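Shown next, in C-alpha cells, is the structure this report addresses.
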Amino acid sequence: MSPGEPVKKIIVHTSAKNEGDLVESFCRHSLTFCDAVLLNTGAQEDDTQTIIDAMIAEGLPIIPYSFTPPAGGNYDLHMRHWIDDAFTARNADLLLHLDPDEFLFHVEGKNPREELERLAENEYHQFPWRSYVYAKDPDDDAAFLPSFFTEYRTGDPFYAKTCISRYLFERFRPLLGPGHHSLRYTVNQDQARHISERISDRLAIGHFPIRSLTQTMIKIMSGMVAKWAARLGPQDAGYQWDAIYELITRNRGLTPELVRECSLFYSVISPEERGKIGIAAGSLPVDYYPEAMRLKYTRYGRGDRDYIVLHAVMSRAAFHFERVHQQSDAKLSALTAELGRVTHAVRSWAHRRPTARNESADS
C-alpha cells in the first residue's frame with residue numbers, strides 16, 4: 001500500500017476498567033466505523049465484564065485480551081504488545097486508541113469511516129477533543145449514553161487524539177505519548193522529523209470524562225489512591241483529578257451541581273484557561289445512525305448499587321498500598337492517612353445519598 005492510498009481495515013483499541021455505564025455505548029458506536037474493537041480487560045468491580053461478555057456472545061467483533069506488565073509497570077511494553085498485535089495478528093491498516101469516554105465523530109454528522117479511509121498514510125493526524133458537559137445522571141438503561149449530553153465546552157486548551165497507519169508502523173514503530181495524545185517514533189527518528197502533521201477539521205473526539213455522581217466518585221477516588229501509591233507528583237499523570245478530589249473531600253461528597261462544575265473545568269487547571277471556557281448547545285453529531293441507538297445490557301444503576309460498587313473499588317484500591325509495604329514507615333503512614341481521607345469522604349457521601357427505596361418513593 002503506497003502513501004496516500006485509502007486504508008482498508010480499521011481497528012479501535014481501548015482499555016475498560018469499571019466502565020459499565022459506558023462500555024456498551026462506546027463499542028456499539030465505534031463499530032459503526034471500525035472493523036473490530038481490541039479491548040483490554042482486567043479485574044472489574046462493576047458489571048463491565050458482564051456487558052463485554054454479552055456483546056461478544058451477541059456476535060459483535062470485540063477482541064478481548066488481558067495483559068499484565070512485569071513488575072515495575074512498564075506501560076511501553078503493554079503498548080508495544082497491542083500495537084504489534086493489531087498490525088501483525090489482526091492485519092490492521094489503521095489503528096486508533098480511544099479511551100472508553102472518547103467517541104470519534106464527523107463534524108457534519110456523517111459516518112467517520114469514509115474520512116478515515118481518506119487519511120494519507122504517510123502523515124500524522126490529530127483529531128481535536130470536544131468535551132461534553134454533565135447535566136443529569138442517565139436514567140434510561142436502553143439509551144445511548146451521549147444522548148444525555150446536550151452541551152459542550154468551547155475555548156478549551158487544545159487536546160487531540162491520533163492514529164497509527166500501517167505505513168508509520170512499519171517504518172517508525174511508533175508508541176503513544178503521554179495521555180495517548182501524540183506519537184513517539186522509536187526507530188528512524190531522523191526520517192520521522194519530515195512527517196507532515198495535520199489537525200483534522202472534519203473528525204473530532206467527543207469526550208465524556210464526567211458522566212454521573214457515582215462514576216465521578218469512582219474515577220477520582222480510585223485514581224487518587226493509585227496515584228499516591230505510585231508516588232506521582234501533583235503535575236504528573238492524574239493532575240486533573242487533584243482539584244476534584246479536593247472538592248469531594250471539602251464537601252463530603254458530590255452533588256449534581258458540583259458534578260456539573262467538575263465537567264466544566266475537567267483538565268483545565270489555570271484560572272486564565274478557565275476564564276476562556278464557554279458552553280455551546282449541541283449533542284454528539286451522529287446523523288448517520290439509521291435510528292436512535294438502543295442498548296441491551298447497560299444498567300446505569302441507582303441507590304444501594306452505587307454504594308456497593310464504591311465499596312468494592314475502595315477495597316481494591318487498598319491493594320495499591322500493600323505494594324509499598326517495603327517503603328519507609330513514614331511513607332507508608334502518609335499513604336495510609338490519605339486512604340483514610342478517601343474512605344471517610346466516600347462513606348460520608350454514601351450516608352448522605354438517598355437509598356434506593358427512597359429514590360423509588362420519590363420518583
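From a predicted model like this one, the values you see are computed outputs, not experimental measurements.
Lys219 has its side chain out of reach of Ile244: every pair of non-hydrogen atoms, C-beta onward, lies at least 4.5 Å apart. Asp201 places none of its side-chain heavy atoms less than 4.5 Å from the side chain of Val107. Taking 4.5 Å as the limit, some side-chain heavy atom of Asp137 sits within range of a side-chain heavy atom of Leu213. Side-chain contact check for Thr50 versus Tyr297: every heavy-atom pair is 4.5 Å or farther apart. A 4.5 Å side-chain heavy-atom check between His13 and Asp85 finds every atom pair outside the cut-off. Between Pro157 and Val268 there is a side-chain heavy-atom pair separated by less than 4.5 Å. Residues Leu264 and Ile279 meet the side-chain proximity criterion, which asks for heavy atoms closer than 4.5 Å. Between Gln126 and Phe158, some side-chain heavy-atom pair lies under the 4.5 Å cut-off.
Taken from CD1 in Ile164 to CG in Asp93, the straight-line distance is 13.5 Å, to the nearest 0.5 Å. Taken to the nearest 0.5 Å, the OG atom of Ser30 stands 11.5 Å off from the CD1 atom of Ile10. Interatomic distance, CD1 of Ile62 versus OG1 of Thr41, reported as 11.0 Å (0.5 Å rounding). Note that OG of Ser212 is 8.5 Å distant from CG of Leu145, once rounded to the nearest 0.5 Å. Interatomic distance, Phe169 CZ to Leu183 CG, rounded to the nearest 0.5 Å: 13.0 Å. Rounded to the nearest 0.5 Å, atoms CG (Asp76) and OG1 (Thr186) are 9.5 Å apart.
Salt bridge annotation for Arg211-Glu19: present, with a cationic side-chain nitrogen under 4.0 angstrom from a carboxylate oxygen. In this structure, Arg113 pairs ionically with Asp35, as a charged nitrogen and a carboxylate oxygen lie closer than 4.0 Å. With salt bridges taken as basic N to acidic carboxylate O contacts below 4.0 Å, one links Asp140 and Arg294. With respect to the salt-bridge test (charged N to carboxylate O, under 4.0 angstrom), the residues Asp84 and Arg173 qualify.
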Legend entry - From CA spacing to verdict: side-chain contact (heavy atoms from CB on, under 4.5 Å), Leu95, Leu38: CA-CA 10 Å; Leu95 174 64; Leu38 185 60; 5.6 Å; no
Inset, instruction - Using the side-chain contact (heavy atoms from CB on, under 4.5 Å) rule, take Leu247 and Arg250 through it: C-alpha gap first, then chi angles, then the decisive distance, then the call. - result: CA-CA 5 Å; Leu247 195 67; Arg250 188 168 64 248; 3.2 Å; yes
Inset, instruction - Let me see the working for Leu22 and Phe103 under side-chain contact (heavy atoms from CB on, under 4.5 Å), right down to the final yes or no. - result: CA-CA 11 Å; Leu22 190 66; Phe103 289 64; 3.8 Å; yes
Inset, instruction - Assess whether side-chain contact (heavy atoms from CB on, under 4.5 Å) is satisfied between Arg28 and Leu31, documenting all intermediate values. - result: CA-CA 5 Å; Arg28 291 190 184 278; Leu31 288 170; 6.0 Å; no
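Across every non-hydrogen atom of Leu203 and Pro128, the tightest pair is O-CD, 3.5 Å. Closest non-hydrogen pair, Asn91 versus Lys9, comes out as O-CD, 3.6 Å. Nearest heavy-atom pair, Thr48 versus Gly20, reported as atom, atom and distance to 0.1 Å: OG1-N, 2.9 Å. When every heavy atom of Gln215 is checked against every heavy atom of Asp21, the shortest pair comes out as CG-OD2, 4.0 Å. Minimum heavy-atom separation, Gly206 to Tyr132: CA-CE1, 3.9 Å. Minimum heavy-atom separation, Ile220 to Trp241: CD1-CD1, 3.5 Å.
In Arg202, the CZ atom is not crowded: 12 or fewer heavy atoms of neighbouring residues, nucleotides or ligands sit closer than 6.0 Å. Heavy-atom contacts from other residues, nucleotides or ligands closer than 6.0 Å to CD of Gln189 number more than 12. Atom CZ of Arg198 has 12 or fewer heavy atoms from other residues, nucleotides or ligands within 6.0 Å. The number of heavy atoms from other shown groups lying within 6.0 Å of CD (Glu114) does not exceed 12.
Using a distance-only test at 3.5 Å, with no hydrogens or angles considered, a donor-acceptor pair links the side chain of Glu24 to the main chain of Lys296. A distance-only check finds a donor-acceptor pair linking the side chain of Arg260 to the backbone of Tyr134 [under 3.5 Å]. Between the Thr14 side chain and the Leu98 main chain, a donor and an acceptor come within less than 3.5 Å of each other. Judged purely by atom type and a 3.5 angstrom limit, Arg171 has no side-chain atom pairing as donor or acceptor with the backbone of Asn122. Side-chain atoms of Arg166 come within 3.5 Å of backbone atoms of Phe87 as a donor-acceptor pair (strictly under, hydrogens ignored). A donor-acceptor contact shorter than 3.5 Å is absent between the side chain of Arg153 and the backbone of Val133. With hydrogens and angles disregarded, a donor-acceptor distance shorter than 3.5 Å links the side chain of Tyr300 to the backbone of Ala143. A donor-acceptor pair under 3.5 Å is formed between the side chain of Arg184 and the backbone N or O of Leu176. Proximity of a side-chain donor or acceptor of Asp99 to a complementary backbone N or O of Asp101 within less than 3.5 Å is not detected. Looking only at distances, no side-chain donor or acceptor of Asp141 sits under 3.5 Å from a matching main-chain atom of Arg299.
For residues 275-289, the side chain to side chain donor-acceptor pair (under 3.5 Å) pairs, not counting sequence neighbours, are His29-Tyr289, Thr32-Tyr288.
Ring-plane geometry between His181 and Trp129 is classed as perpendicular, the angle between the planes exceeding 60 degrees on a 0 to 90 degree scale with a lower cut at 30.
Aromatic pair His81/Tyr65: centroids less than 6.0 angstrom apart. Between Tyr124 and Tyr185, the distance separating the two ring centers is not shorter than 6.0 angstrom.
One side chain, Thr255 or Glu257, offers a donor N or O that lies under 3.5 Å from an acceptor on the other.
Applying the side-chain hydrogen bond (donor to acceptor under 3.5 Å, both in side chains) test between Glu102 and each of His207, Lys161, His97 identifies Lys161 as the sole match.
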